[in-house]
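Have a look at the structure below before the remarks.
One is the number of the first residue; the rest follow in order along the sequence. Because only heavy atoms are used, hydrogens play no part in the values below, and waters and symmetry mates are left out as well, while side chains stay in. In this text the structure is predicted, and so the values were computed from the model without any measurement.
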Amino acid sequence: QVQLVESGGGLVQAGGSLRLSCAASGSFFWINVMGWYRQAPGKQRELVASISRSGNTSYTDSVKGRFTISRDNAKNTAYLQMSSLKPEDTALYYCNVQATLPTWPPRNAPSWGQGTQVTVSS
């Protein structure tokens, strides 16, 4: 079982910044990919950014140059630094991780956080 605790959401004016954190705990060998998704009202959940264990990153086009994903493997924590925020970034942001579980044989499984609200006012 992997538990994820997200923090850092809030209300910010357009052009402002926020930093989201996602800390993983529980029973696992290691965390592989860590990612941030978001879901706005009436829209499908979309992948915003992801980072591999080795640090390779990817971003959806709408946040490139504004958002930066990073991670601390020693703390099993991912971060999403969001800058130049726009009203269209308003959504519930979810952390997702792919962990290798201590089963036999070991298997990879996804886990989701509870979500943290980001609201950007114009």
- prompt: What is the distance from atom NZ of Lys43 to atom CZ of Arg38, rounded to the nearest 0.5 Å?
  reply: 8.5 Å

- prompt: Who are the ring pair (Phe, Tyr, Trp, His ring centres under 6.0 Å) partners of Phe28, not counting sequence neighbours?
  reply: none

query: What heavy-atom pair brings Val5 and Gln114 nearest, and what distance separates the two atoms?
result: CA-OE1, 4.4 Å

- prompt: Distance from Glu6 atom CD to Leu20 atom CG, nearest 0.5 Å?
  reply: 8.0 Å

query: With Ser111, which of Leu4, Ile31, Asn96 fulfils side-chain contact (heavy atoms from CB on, under 4.5 Å)?
result: Leu4

- line: Heavy-atom nearest pair, Met34 first then Thr77, reads CE-C, 3.9 Å

- request: Give the minimum heavy-atom separation between Val118 and Met82, together with the two atoms involved.
  value: CG2-CE, 3.8 Å

message: Within this structure, what is the CG-CD1 distance for the pair Asn56 and Ile69, rounded to the nearest 0.5 Å?
response: 12.0 Å

field: Value rounded to 0.5 Å, distance of CZ in Arg71 from OG1 in Thr57
entry: 11.5 Å

query: Roughly how far, to the nearest 0.5 Å, is CG of Leu18 from CD of Gln81?
result: 8.5 Å

- line: Minimal heavy-atom distance between Ser84 and Ser17, with the atoms involved, is N-OG, 4.4 Å

field: Leu47 side, atom CG; Ser58 side, atom OG - distance, nearest 0.5 Å
entry: 6.0 Å

Heavy-atom side-chain contact between Ser121 and Gln13 under 4.5 Å: yes

- request: Report yes if some heavy atom in the side chain of Phe29 is under 4.5 Å from a heavy atom in the side chain of Thr103; otherwise report no.
  value: no

field: Sequence neighbours excluded, every pair satisfying ring-ring contact (aromatic ring centres under 6.0 Å, His included) that has a member inside residues 69-109
entry: none

field: Intermediate values then yes/no, salt bridge (charged side-chain N to carboxylate O under 4.0 Å, His left out), Lys86 and Asp89
entry: CA-CA 5 Å; Lys86 305 175 181 180; Asp89 294 318; over 6 Å; no

field: Minimal non-hydrogen separation, Trp36 against Cys22, with atom names
entry: CZ2-CB, 3.5 Å

- prompt: Cut-off 3.5 Å, side chains only: do Asn76 and Ser25 have a donor facing an acceptor?
  reply: no

statement: Nearest heavy-atom contact between Ala109 and Leu101 is CB-CD1, 3.6 Å

